Amino acid sequence: IIISTLRQKIKSLDFVIEEPSIKILETTLNTYIIGIDTVCKTIYEEPVRSEILKLVMRTVKEIQEAHAVNNSRLSNV
């Protein structure tokens, strides 16, 4: 779920010009280390990296909140 959602959102950024490559590099019980590679229109790495990181954090939070709402609905049944 997370990789396909992130791929779509990153692809929609106006500075991304190629399909992003997203890999889960390592996991623990509560942590995922995700590697993201993509080609962008700019030569400056920091602004692009910052925007992608913010997008990833927002997306993960949205998915976690939706998952929490679904779990609470199931436990109330």
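What you are looking at is a predicted structure, and each value in this text was computed from that prediction instead of being measured. Each residue takes its place number in the sequence, starting with 1. Any value given below was found using the heavy atoms of this structure, including those in side chains, with hydrogens, waters and symmetry copies removed.
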Salt bridge (charged side-chain N to carboxylate O under 4.0 Å, His left out) partners for Lys54, two or more places apart: Glu51
CG on Leu6 to CZ on Arg58, rounded to 0.5 Å: 11.0 Å
Side-chain donor or acceptor of Lys41 paired with backbone N/O of Asp14 under 3.5 Å: yes
Joint hydrophobic cluster, Ile24 plus Val56, side-chain heavy atoms closer than 4.5 Å: yes
With sequence neighbours excluded, residues passing side chain to side chain contact (heavy atoms under 4.5 Å, CB included) with Ile43: none
Under 3.5 Å donor-acceptor, Thr38 side chain and Glu18 backbone: yes
Connected via hydrophobic side-chain network under 4.5 Å: Leu53 and Ile22: no
Closest non-hydrogen atom pair, Cys40 against Val16: SG-CG2, 4.2 Å
Neighbour count above 12 (heavy atom, 6.0 Å) for Phe15 CZ: yes
Path from Ile36 to Ile3 over hydrophobic side-chain contacts below 4.5 Å: yes
Inter-residue atom distance Asp37.CG - Lys23.NZ, 0.5 Å rounding: 5.5 Å
All side chain to side chain contact (heavy atoms under 4.5 Å, CB included) counterparts of Ser12, not counting sequence neighbours: none
Val39 with Val48, same ILVMFWY side-chain cluster at under 4.5 Å: no
Nearest atoms (heavy-atom pairs only) where Lys11 meets Pro20: CG-CD, 3.8 Å
Minimal non-hydrogen separation, Lys9 against Thr59, with atom names: CD-OG1, 3.3 Å
